[in-house]
Each structure stands twice: as structure tokens, then as C-alpha cells.
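Have a look at this one.
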Amino acid sequence: GAVVSQHPSRVICKSGTSVKIECRSLDFQATTMFWYRQFPKQSLMLMATSNEGSKATYEQGVEKDKFLINHASLTLSTLTVTSAHPEDSSFYICSASGGQGTEAFFGQGTRLTVV
Amino acid sequence: GENVEQHPSTLSVQEGDSAVIKCTYSDSASNYFPWYKQELGKGPQLIIDIRSNVGEKKDQRIAVTLNKTAKHFSLHITETQPEDSAVYFCAASTGYGQNFVFGPGTRLSVLP
């Protein structure tokens, strides 16, 4: 299958700082990228959907000003957690799709710990 | 919106036995059903998927069945091996490659 690379795999940051997570499709053009959040021993919960060149669509309850998503190119989307707090600590996972009719591939995830 | 349920939440089997995980969905418009395997600290990996125009699909030791009328689909793993131990998630989507709604997951343990 296609490769989606997520970076960093782990990050620890201080409370109040911002953290950027990158999601790259390495061998295909991702017209759509999805960002998920996963708490320990729980399922993946969709945070937002981003289409290249347009604003992300956020799920209900997800603060768009706190979780900034940029999808400026067909191979890169970024998630920035602004003014991070300990409750933002979680496993963040992206997936990328080439669009209708193609499957989505997941990155390896980013473990964020806010101290 | 779509709601996906998954059972059991945990499953232990002896090596060589079969494992079955079942999911139900609520949105009749869903037409794509992937299954993912997630190992600790890693992202989900697609192991098999099925579209709504197919009732069954098999790939070596793994098979998936779909009953659109009843809105349920199942993952079957035969001849289980210790390396099959992981958390398995089913998902449903209204568009191939579009947003998925995930089930809560099943932790499978294959005992040697």
C-alpha cells in the first residue's frame, strides 16, 4: 500500500507551548487528509477533514482555533496544537486519501505528552 | 450519523484456533468497510476491506463477510498466530477513501 509518514513520532512539550505535527503522503497525491485523536485503550475519533487548498472541516466539539490544520500541498498536511495543556496529551493519527474511489492510508501516529 | 458497534471488546484464543470479530453499523448509506490492525504505539494498518456490492472477501488467513440487510460485517482469522495479537478496529464509510467511523476495537490475544 501507499506510504503515509507522520512526524514526529513522539513529542513532549511544556504546557502553554505549541506543537506542530506533520503528515506526508510519500508516493501519492493526497487530496484529502484526516486527523484523528486516540486516547489510551479507546478508538480513533475524527477531529477534522482537510482538502488540499481549502479550509479544514472540524468535527463537533473540536476547537478549530486550538487545533490548526493546514493542507497547503497535495503531499503535506500539518496539525498544530496551540497553547497545549496536559489534557491535550494523546495519540494523534493522520490518514491520507487520493480522493473518491481510493482507500485511505494511515500514518504511524504521534504521541503527544504535555507536561 | 453513523454508529459502529464492535464485539467482543477482548478476545483470547489458542494459537491455531480461529477468531471472529463482529461489527454492526447504523447508516444504510455506508458502502465501504475496512478492518484495521493496530499494534501498540503504532498507527492502524489496513488488513482487509469490503465494499457493499460484495458479500465475502478472503485474503489468505483473513476473511470478511458482509450482510447489508442486517447491517453487520465480520472479520474471520483462521490458524491464528501469536503475531496476530493486536487491537482490531472495524470501520464504516459512505465513500471509498472518505471519512471512517470506527468501532471501539477488539483486543485479540493469541496464546501460544
Are side-chain heavy atoms of B/K42 and A/F91 found at a separation under 4.5 Å?
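A side-chain contact under 4.5 Å is absent here.
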Are any non-hydrogen side-chain atoms of B/F100 and A/F34 less than 4.5 angstrom apart?
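Of all side-chain heavy-atom pairs linking A/F34 with B/F100, none is under 4.5 Å.
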More than 12 heavy atoms of other residues, nucleotides or ligands under 6.0 Å from NZ of A/K66: is that the case?
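Yes, the 6.0 Å shell around NZ holds more than 12 heavy atoms from other groups.
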If you count the non-hydrogen atoms of other residues, nucleotides and ligands that lie under 6.0 Å from CZ in B/R61, is the total more than 12?
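Enclosed: over 12 neighbouring heavy atoms sit under 6.0 Å from CZ of B/R61.
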Portion of B/Q45 that has a non-hydrogen atom of chain A nearer than 4.5 angstrom:
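Interface part for B/Q45: neither.
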Check this for me: B/E2, atom CD, are more than 12 non-hydrogen atoms of other residues, nucleotides or ligands nearer than 6.0 Å?
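Count over threshold, so yes.
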What are the two closest heavy atoms between A/Q38 and B/F89, and how far apart are they?
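Answer, listing the atom of A/Q38 first, then B/F89: NE2-CZ, 3.5 Å.
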Hey, any chance B/Y36 and B/L11 share a hydrophobic cluster, counting ILVMFWY side chains that come within less than 4.5 Å of each other, even indirectly?
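They do not share one cluster, since no chain of ILVMFWY contacts under 4.5 Å joins B/Y36 to B/L11.
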Residues, nucleotides or ligands: over 12 heavy atoms within 6.0 Å of A/H7 NE2:
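Count not over threshold, so no.
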Would you say the side-chain atoms of A/S43 pair up with the backbone N or O of B/G103, donor to acceptor, closer than 3.5 Å?
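Answer holds: yes.
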Looking at B/E79, I want to see if its CD is surrounded by more than 12 non-hydrogen atoms of other residues, nucleotides or ligands under 6.0 Å.
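Open.
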Go through the atoms of A/I93 and report whether side chain, backbone, both or neither lie under 4.5 Å from a heavy atom of chain B.
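The side chain, not the backbone.
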Chain A: which of B/S9, B/P34, B/P44, B/A91 shares the most heavy-atom pairs with it under 4.5 Å?
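Heavy-atom pair counts peak at B/P44.
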Based on non-hydrogen pairs under 4.5 Å, which of A/V4, A/T110, A/T49, A/L44 is most in contact with chain B?
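Heavy-atom pair counts peak at A/L44.
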Would you mind checking which part of A/Q6 comes under 4.5 Å of any heavy atom in chain B, side chain (CB onward), backbone (N, CA, C, O), both or neither?
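For A/Q6, no heavy atom lies under 4.5 Å from chain B.
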Take atom CD in B/Q60; do more than 12 heavy atoms of anything else shown fall under 6.0 Å from it?
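At most 12 heavy atoms, drawn from other residues, nucleotides or ligands, come within 6.0 Å of this atom.
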